[in-house]
Amino acid sequence: MNPLDKNSLSESERDVLDGKTILVLGDDQINCKWIRTTLMNYGIKIILVDHKPCIFPPEDVYKYIQYDFTDHRQDEIHAVRIIEKLAADNFSIDGCCTFTDACGVLAAYLSEKLELIGGAGVTAASIARNKGLTQTYLQEQTEGIPRFPKTYKFTGRTASFACENTLRSAMNTIGFPAVCKPNESAHANGVMLIRKEDEGRHLYKKLATLLEDGKSMMLMEYFDGTEHDIEVIIYQGEIIAAIVSDNGPTRPGCFIETSMSMPSCLPPTKVAELKKAASDCCNDIGLRNGVFNVEMKLTSTGPKLLEINGRMGGDYVRNWMHTCYGVDLLWYVIAIAAGIRPNVPKENTTVHMMGITCALPVHQHILSHTDFGIKVAELVQSGAIQFFGETNCGSTEYISQKSVEFCNVAVVKHDLQTAKSALLHVCDLLGIHTALFDVPTYLSDFVPHQ
């Protein structure tokens, strides 16, 4: 995706961010030049705060402040110290945001202390950052707002653990199969399926590094059904939009994303169920402002919450949203942070996108050779695919490591069936489809609704 300019926005959106100074925490996603350049083209001055030293700040960043905020137990203190640095340089801030999970609470503290109206809220950001806390908090919401269904119905059995003894207790509480995941993580890092007690007994040694420094993990009930992402846009507690897309089945024993489809292939009634469930969960934990990525499953008993991410969808999601709906999620994040109520985005589209995620080590054989990159470049140039990520892993260091997402290959067509056929062809051409990575299986959930 190339940097966008004001012409990509609607007439009513083009000039509203001119001259706004936005404080951005962490360089996740924002470190991509095409994102920073887009913000500059929108007329925004970025003050980027990150813990890494930067001798030559990017030319499209107005100001770079190096500050070590990595101990997030001290977020309120960090907020005070960052404000002191801003005051020393006489900066006036119009909004504060982040694109990384770890900095959500810090951004909320800064918005609160700077008296900015576009913050998510400290309590809500704290709940969203901890996956176990999100589930247990919603399970307690049995009273209060008179809505049906109550959001506790979207949760399942959960239990946190921080040592071997509490893991045993958690397994007794949850039963099998169960999903084990860090309370604070992203991109399915550290997420594992436990099918039976024997697997659980051997699990603890693998988790030692994930439980360092007082960290905890959670065990949660495994849900059946199809997986979906919902991008929820909220301003001052009002749901501006909730846009649903589909994920294909994950590989056995692994929760790394394999495939995706936008717009959703579900019937409108099921899409509406997911929209309402995701929106109500965000509202009930108290999220006031921002763009949030909610992961849910649509099970035989209705929507079930996997997690709420306290930032917009990562990786290719922004590209896809712009291609399908003409919506730049980045603009929405900044506008809301600046206290500006955005327009309701259109949710009708004349295209269908479908994609495959290449991962290591299963795609090591193609990602370690230059031929893959050459073929990808030709397909991008011809307009046959959209590509996000890198084309070459550069070494064999990943062979013995756990599965990790590496790049995304997508097609854009006018209907679902044509998109699926085109993607199957591309996957054969690029060598993505193998005996160990059965592309037709990972696209099997994407069928026209009845």
Side-chain angles (χ1 to χ4, degrees), residues 176-179 181 187-189 191-196 199 222-229 244-267 270-271 274 295-300 304 306 315-317 320 352-367 372 375-376 379 384-389 393 398-399 401-413 415-450:
F176 302 101
V179 178
K181 62 168 71 174
H187 305 297
N189 292 330
V191 183
M192 291 165 274
L193 178 66
I194 305 176
R195 300 178 187 84
K196 55 186 179 179
E199 292 181 12
Y222 176 79
F223 300 125
D224 65 0
T226 54
E227 188 170 330
H228 306 271
D229 282 359
V244 180
S245 56
D246 303 339
N247 291 328
T250 55
R251 286 172 49 231
C254 170
F255 286 89
I256 296 292
E257 188 177 79
T258 59
S259 59
M260 56 296 307
S261 174
M262 183 183 289
S264 174
C265 308
L266 295 172
K270 297 299 182 184
V271 170
L274 286 167
E295 298 177 23
M296 303 196 87
K297 273 197 168 182
L298 186 61
T299 75
S300 54
K304 295 292 184 181
L306 299 181
D315 296 333
Y316 62 87
V317 171
W320 283 38
H352 197 107
M353 294 192 71
M354 199 173 291
I356 282 287
T357 293
C358 295
L360 296 168
V362 70
H363 289 120
Q364 179 79 28
H365 64 291
I366 58 174
L367 295 171
F372 180 76
K375 291 178 182 177
V376 164
L379 291 169
I385 66 169
Q386 281 194 12
F387 184 83
F388 185 92
C393 61
Y398 296 97
I399 288 178
Q401 294 187 8
K402 62 185 178 182
S403 187
V404 55
E405 295 176 20
F406 196 80
C407 61
N408 177 272
V409 178
V411 298
V412 186
K413 298 297 178 182
D415 62 80
L416 185 159
Q417 293 285 37
T418 307
K420 184 187 278 191
S421 296
L423 184 58
L424 286 167
H425 173 70
V426 166
C427 287
D428 282 336
L429 184 66
L430 293 175
I432 296 171
H433 171 58
T434 69
L436 295 176
F437 192 90
D438 185 35
V439 173
T441 295
Y442 300 133
L443 302 184
S444 60
D445 288 337
F446 306 149
V447 295
H449 60 77
Q450 301 299 316

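Sequence positions, counted from 1, serve as the residue numbers for this chain. Hydrogens, waters and symmetry mates are skipped; everything else that's a heavy atom, side chains included, is used.
- Between Tyr442 and Pro249, the closest side-chain pair of non-hydrogen atoms falls below 4.5 Å.
- Residue Thr357 holds its OG1 atom at 5.5 Å from CD of Glu405, rounded to the nearest 0.5 Å.
- For the pair Leu443 and Leu423, the minimum side-chain heavy-atom distance is below 4.5 Å.
- Looking only at distances, a side-chain donor or acceptor of Lys297 sits under 3.5 Å from a matching main-chain atom of Phe223.
- In this structure the side chain of Ile356 never reaches within 4.5 angstrom of the side chain of Val426, judged on heavy atoms.
- Counted within 6.0 Å of NE2 on His365, heavy atoms from surrounding residues, nucleotides or ligands total more than 12; the atom is thus considered enclosed.
- Checked by atom type, the side-chain pair Thr226/Asp246 shows no donor-acceptor distance below 3.5 Å.
- Taking the centre of each ring, His363 and Phe437 come in below the 6.0 Å mark.
- The shortest non-hydrogen separation linking Cys265 to Val447 is CB-O, 3.4 Å.
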### Task
Using the side-chain contact (heavy atoms from CB on, under 4.5 Å) rule, take Phe406 and Cys393 through it: C-alpha gap first, then chi angles, then the decisive distance, then the call.
CA-CA 8 Å; Phe406 196 80; Cys393 61; 3.7 Å; yes
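- Rounding to the nearest 0.5 Å gives a distance of 9.0 Å between CZ of Arg251 and OG1 of Thr258.
- Interatomic distance, CE of Met296 versus CD of Glu227, reported as 11.0 Å (0.5 Å rounding).
- The shortest side-chain heavy-atom distance between Leu430 and Ile366 does not fall under the 4.5 Å cut-off.
- Contact of the Phe255 side chain with the Lys181 side chain is not registered, since no non-hydrogen atoms from C-beta on lie closer than 4.5 Å.
- For the pair Lys304 (side chain) and Thr299 (backbone), a donor-acceptor distance under 3.5 Å is absent.
- Residue Lys270 places its NZ atom among 12 or fewer non-hydrogen atoms of other residues, nucleotides or ligands, all under 6.0 Å distant.
- Counting only distance, with no hydrogens or angles, the side chain of Lys420 and the backbone of Phe446 share a donor-acceptor pair below 3.5 Å.
- Side-chain contact between Glu295 and Asn247 is absent, with no heavy atoms from C-beta onward closer than 4.5 Å.
- The backbone N or O of Val439 sits less than 3.5 Å from a side-chain atom of His433, completing a donor-acceptor pair.
- Counting heavy atoms from C-beta on, the side chains of Pro263 and His352 come closer than 4.5 Å.
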